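Take a look at the structure below.
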Number of protein chains: 2
Amino acid sequence: MNTKKQLQSADLRLAKMLKALGNPVRFQIMQFLAERQTCITNEIVQNTLLAQSTVSQHLKVLREAGLIHGEIEGPATCYCINAEGVQWLKEQIARWLPECCSNSQPLDFYLERYAKK
Amino acid sequence: MNTKKQLQSADLRLAKMLKALGNPVRFQIMQFLAERQTCITNEIVQNTLLAQSTVSQHLKVLREAGLIHGEIEGPATCYCINAEGVQWLKEQIARWLPECCSNSQPLDFYLERYAKK
DNA sequence: ACCTTATATCGTAATTATACGATATAAGGT
DNA sequence: ACCTTATATCGTATAATTACGATATAAGGT
């Protein structure tokens, strides 16, 4: 991060999310969580060939990036997609680099018109 | 990548792009390139505090992820955003995890209606 | 031919990420 | 109290990333 122009805090949040999603295991955990809507750590572990501790570490990264939400429920932890975070990410990407893509005007138009907030 | 269900090739392409963008230096290079439309390596180097070789390495990652496009022009290399690649990424993200986000239906609707291809 | 400018690549050091097993914690059942 | 189940965290090994300087390549000007 030795850059001349510093990234804005929104860009930092975005960079953190992108970095979290850049790992195929974490990307797949997101897909799995989206399918199941909600599930406990152990179900996620069983969907992979990785050790429980490894998956727990990946879940921490996703949590800290604001992409998932976990709450302790009895002896287990129940995870689900952080819809607000994912929505924010999707809007940021949709708005991103509008000047380089042919159909970015209508996308921006859509966002101003229909996106909440 | 020890996952039970393997990622599809589109997902792999997406994961590669997200990983490339997950680095703040590379993210910023994309922003810079989008502003300038087109520029040579040295202009990008001068926008950072990094060594020329380091920037060249980052450009290689972005190139291999299909996010930028570089062509040799005399003694220099002229870089620009790979509009097709960025557009593809934006569409993938817009379509991603539709079941978890409230306003994903209108976004998908937009994409089917206006997005080329 | 030689020098300058612009890049890419190589070798390498330092840092960060990824993975595992072992251990700690916490809740629920016997 | 004890055992099981479910997780998180710690310690640590290995692999990947990031960074630099040095070197190679290639084009253009003198």
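Computed from a predicted model, the values in this text were never measured in an experiment. Values reported hereafter were calculated over all heavy atoms of this structure, with side chains retained and with hydrogens, waters and symmetry mates removed. Lettering follows sequence order; numbering is per chain, from 1.
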Item to check | Rounded distance (Å) that lies between atom P of D/dA6 and atom CG of A/Leu59 | outcome: 15 Å
Item to check | Contact under 4.0 Å: B/Thr41 side-chain N or O vs C/dA6 OP1/OP2 | outcome: no
Checklist entry - Just how far, in rounded Å, is P of C/dT15 from CG of B/Asn23? => result 17 Å
Item to check | Under-4.0 Å side-chain N/O to phosphate OP1/OP2 contact, A/Tyr79 with D/dA8 | outcome: yes
Checklist entry - Quick one: B/Glu64 CD to C/dA8 P, roughly how many Å, whole number? => result 12 Å
Checklist entry - Is any side-chain N or O of B/Gln52 under 3.5 Å from a base N or O of C/dA6, one able to act as donor and the other as acceptor? => result no
Next on the checklist: I need the NZ-C1' distance between B/Lys19 and D/dT17, as an integer number of Å.
Outcome noted: 8 Å
Checklist outcome for this item: Rounded to whole Å, CD of A/Glu73 lies from P of D/dA8 at a distance of 13 Å
Next on the checklist: Categorize B/Thr77 for me: base, sugar-phosphate, or nothing, with a 4.0 angstrom heavy-atom threshold over every strand shown.
Outcome noted: sugar-phosphate
Next on the checklist: With a 4.0 Å cutoff (strictly under), does any side-chain N or O of A/Thr54 reach OP1 or OP2 of C/dA19?
Outcome noted: no
Next on the checklist: Any strand counts, and the cut-off is 3.5 Å on both contacts for Watson-Crick or G-U wobble. Which nucleotide pairs with D/dT30?
Outcome noted: C/dA1
Checklist entry - Contact class for A/Ser53 vs. all strands (heavy atom < 4.0 Å): base, sugar-phosphate, or nothing? => result base
Next on the checklist: Once you apply a heavy-atom cut-off of 4.0 Å, does A/Ile40 come out as touching a base, just sugar-phosphate, or nothing?
Outcome noted: sugar-phosphate
Item to check | Proximal nucleotide (of C/dA6, C/dA8, C/dA19) relative to the B/Pro75 side chain | outcome: C/dA6
Next on the checklist: In the structure I gave you, are the side-chain heavy atoms of A/Asn23 and B/Lys19 within less than 4.5 Å of one another anywhere?
Outcome noted: no
Checklist outcome for this item: DNA chain C nearest-nucleotide lookup for A/Gly74 and A/Val61: closer to the 5′ end is A/Val61
Checklist entry - Taking NE2 from B/His58 and C1' from D/dT17, how many angstroms apart are they, rounded to a whole number? => result 9 Å
